[in-house]
Amino acid sequence: MSKYGKEDILRMVQEEDVEFIRLQFTDIFGMLKNVAITSSQLGKALDNRCMFDGSAIEGFVRVEESDMFLYPDLDTFEIFPWRPQQGKVARFVCDVYRPNGEPFEGDPRFVLKRVLKEAADMGYTFLVGPECEFFLFHTDEEGKPTTKPHEMAGYFDVAPIDMAENVRRDIVLNLEAMGFEVAASHHEIAPSQHEIDLQYGDALSTADNIMTFKMAVKTIARRHGLHATFMPKPKAGVNGSGMHINMSLADRDGQNMFVDPSDRLGLSRAAYQFMAGILEHIKEITVLTNPLVNSYKRLVPGYDAPVYIAWSASSNRSPLIRIPSNRGGSTRIELRCPDSAVNPYLALAACLAAGLDGIKRHLEPPASVDDNIYAMSYDELKKRGIGWLPETLGEALEIYAESGFVKGLLGEHIFTKYLAAKEAEWKKFRAEVTDWEVGEYLYKF
């Protein structure tokens, strides 16, 4: 059931003195876009008559079919608390439609909604809780970002060692003013690295919230004279930024479908099968959970990021998937490879589709690995049947390109546009001569 109707929106805009409304949407690469209107145009927006040029958005449509329409999701109406309180600024998250009234198949939100419908038809609601990591760096004299740390604090440190404690506080308070539920926030392992965990919720709202979260973090960091980045690995030699995704399925009554008290580990058949589906398809969807050339600089041993395709029922953090110790209604699986640069709509759709495939095919996961996989030799990994994630964007793209599963998930439009763009990114990177290469080879050869 919807929270708001058109009359509710019109009343709130008037009562709250909202002057500008942003109609936001996300492109296939996870970049937030918007068309801004004044409150005088709100009626037009609520009637789904706001149009934009889709040909100007990479991965959308061609020039000869450029007219696209934004359909606001009324339940996503929020006022930005960090903007002026006279003539306030609000936003809607929008779905993208074609002029004929059909959903645009290149809209990532549509892809997630389509998979959520499949889950609902099977009797499931997909619930997720993201752990969002980012860095706060100094800017230079011109206000441009650097990679100079704001402080040198470490895991769970507090002020005055953690000099960004007030920045996180400001971010959290602004998010809560928008109706977000923030589960926790703390300093992460690397200097100037931080984590804010969003409360568990339905997948569509969570994906919307992740996009708003990134915008809020960057905006509020700039107010403090800092630059916030969700780049997975901005500095060599320290941990990168991930976005672990905690997942579970609920039935129509809201009961956790991953729970079975009679099982030795407290997990249901659906939980095992869902996990098995992700493990089977993870290489195919890695380019969606880890979308950049830089993403694979994070996925290396020694920096607390998963490399090996395995799962653990203990607190072991070396496998790809772990089962956090909380059981009962809090039972969930935690996928640890996604990073903060993901398009959340596509990443969550891929995880759900893989898990549902595991349930439909009654897949069984391999045995739980409760040892430190990082300490295992290559021969031991092979003996225990433990594979590993793609090591580069190029390798991930080769697997993606051959995947009928991913093509069926994304549809022809996004599948081909995404592949072409990422292949161009990889080709461009391969042609670059890096500082490391110059330092390593210039004097030797």
Side-chain angles (χ1 to χ4, degrees), residues 25-31 58-61 95-96 102-128 130 202-208 210-211 243 245 247-249 270 273-292 295 309 320-321 333 335 337-339 341-363 389-390 393 395-423:
F25 61 101
T26 301
D27 71 12
I28 67 174
F29 308 109
M31 302 304 295
E58 186 180 4
F60 267 33
V61 293
D95 296 303
V96 183
E102 293 181 356
F104 173 47
E105 66 276 16
D107 178 9
R109 200 169 190 258
F110 171 69
V111 173
L112 177 56
K113 290 172 77 172
R114 187 172 58 202
V115 186
L116 290 172
K117 173 64 165 55
E118 180 184 354
D121 291 343
M122 295 172 65
Y124 299 128
T125 297
F126 186 41
L127 301 175
V128 295
D202 72 275
L204 185 63
S205 297
T206 300
D208 292 339
I210 290 170
M211 295 304 302
M243 191 183 75
I245 302 175
M247 298 176 273
S248 65
L249 297 176
Q273 293 165 356
F274 192 94
M275 183 164 50
I278 292 179
L279 292 171
E280 174 157 311
H281 291 296
I282 190 63
K283 288 187 177 183
E284 298 165 81
I285 65 174
T286 300
V287 77
L288 300 177
T289 59
N290 304 87
L292 308 180
S295 297
I309 303 173
L320 177 74
I321 292 175
I333 71 172
L335 181 65
C337 66
D339 63 48
V342 298
N343 180 328
Y345 300 103
L346 299 185
L348 293 182
C351 291
L352 176 57
L356 293 180
D357 188 55
I359 292 175
K360 288 183 287 189
R361 293 167 55 203
H362 306 289
L363 298 180
L389 295 172
L393 178 63
E395 184 183 341
L397 285 170
E398 289 178 3
I399 301 169
Y400 169 96
E402 299 299 320
S403 174
F405 167 77
V406 179
K407 190 171 185 178
L409 162 68
L410 299 180
E412 179 73 27
H413 182 98
I414 291 183
F415 182 84
T416 54
K417 296 282 188 180
Y418 195 90
L419 178 61
K422 290 298 171 181
E423 285 181 334

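- By the 6.0 Å contact criterion, CE on Met122 is enclosed, its count of non-hydrogen atoms from other residues, nucleotides or ligands being greater than 12.
- By the salt bridge (Lys or Arg N to Asp or Glu O under 4.0 Å) test, Arg114 pairs with no residue at all, sequence neighbours left out.
- Annotation: the span from His281 atom NE2 to Ile399 atom CD1 amounts to 13.5 Å, rounded to 0.5 Å.
- In this structure Glu398 satisfies the side-chain hydrogen bond (donor to acceptor under 3.5 Å, both in side chains) test with no other residue, sequence neighbours excluded.
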Give the table of side-chain donor-acceptor pairs shorter than 3.5 Å for residues 342-355, with sequence neighbours excluded, one pair per line with atom names and distance.
{"from": "Asn343", "atom 1": "OD1", "to": "Tyr345", "atom 2": "N", "distance (Å)": "3.0"}
{"from": "Asn343", "atom 1": "ND2", "to": "Asp27", "atom 2": "O", "distance (Å)": "3.0"}
{"from": "Asn343", "atom 1": "ND2", "to": "Ile28", "atom 2": "O", "distance (Å)": "3.2"}
{"from": "Tyr345", "atom 1": "OH", "to": "Asp208", "atom 2": "OD1", "distance (Å)": "2.5"}

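- With Lys113 as reference, Asp95 is the one residue of Asp202, Asp107, Asp95 to meet the salt bridge (charged side-chain N to carboxylate O under 4.0 Å, His left out) rule.
- Considering only residues two or more places apart in sequence or on other chains, Ala401 meets the side chain to side chain contact (heavy atoms under 4.5 Å, CB included) condition with Leu419.
- Contacts of Lys283 classified as side-chain hydrogen bond (donor to acceptor under 3.5 Å, both in side chains), with partners at least two apart in sequence or in another chain: none.
- Annotation: salt bridge (Lys or Arg N to Asp or Glu O under 4.0 Å) contacts of Glu284 (sequence neighbours excluded): none.
- Take Thr289 and apply the side-chain hydrogen bond (donor to acceptor under 3.5 Å, both in side chains) test, not counting sequence neighbours, and it matches no residue.
- Take Lys407 and apply the salt bridge (Lys or Arg N to Asp or Glu O under 4.0 Å) test, not counting sequence neighbours, and it matches Glu412.
- Annotation: side chain to side chain contact (heavy atoms under 4.5 Å, CB included) contacts of Leu363 (sequence neighbours excluded): Ala276, Glu280, Arg361.
- Partners of Glu402 under the salt bridge (Lys or Arg N to Asp or Glu O under 4.0 Å) rule, at least two apart in sequence or in another chain, do not exist in this structure.
- With sequence neighbours left out, Phe110 forms a ring-ring contact (aromatic ring centres under 6.0 Å, His included) with no residue at all.
- Partners of Lys422 according to the side chain to side chain contact (heavy atoms under 4.5 Å, CB included) rule, which considers only residues two or more places apart in sequence or in another chain, are Phe29, Pro291, Leu292, Leu397, Tyr418, Glu425.
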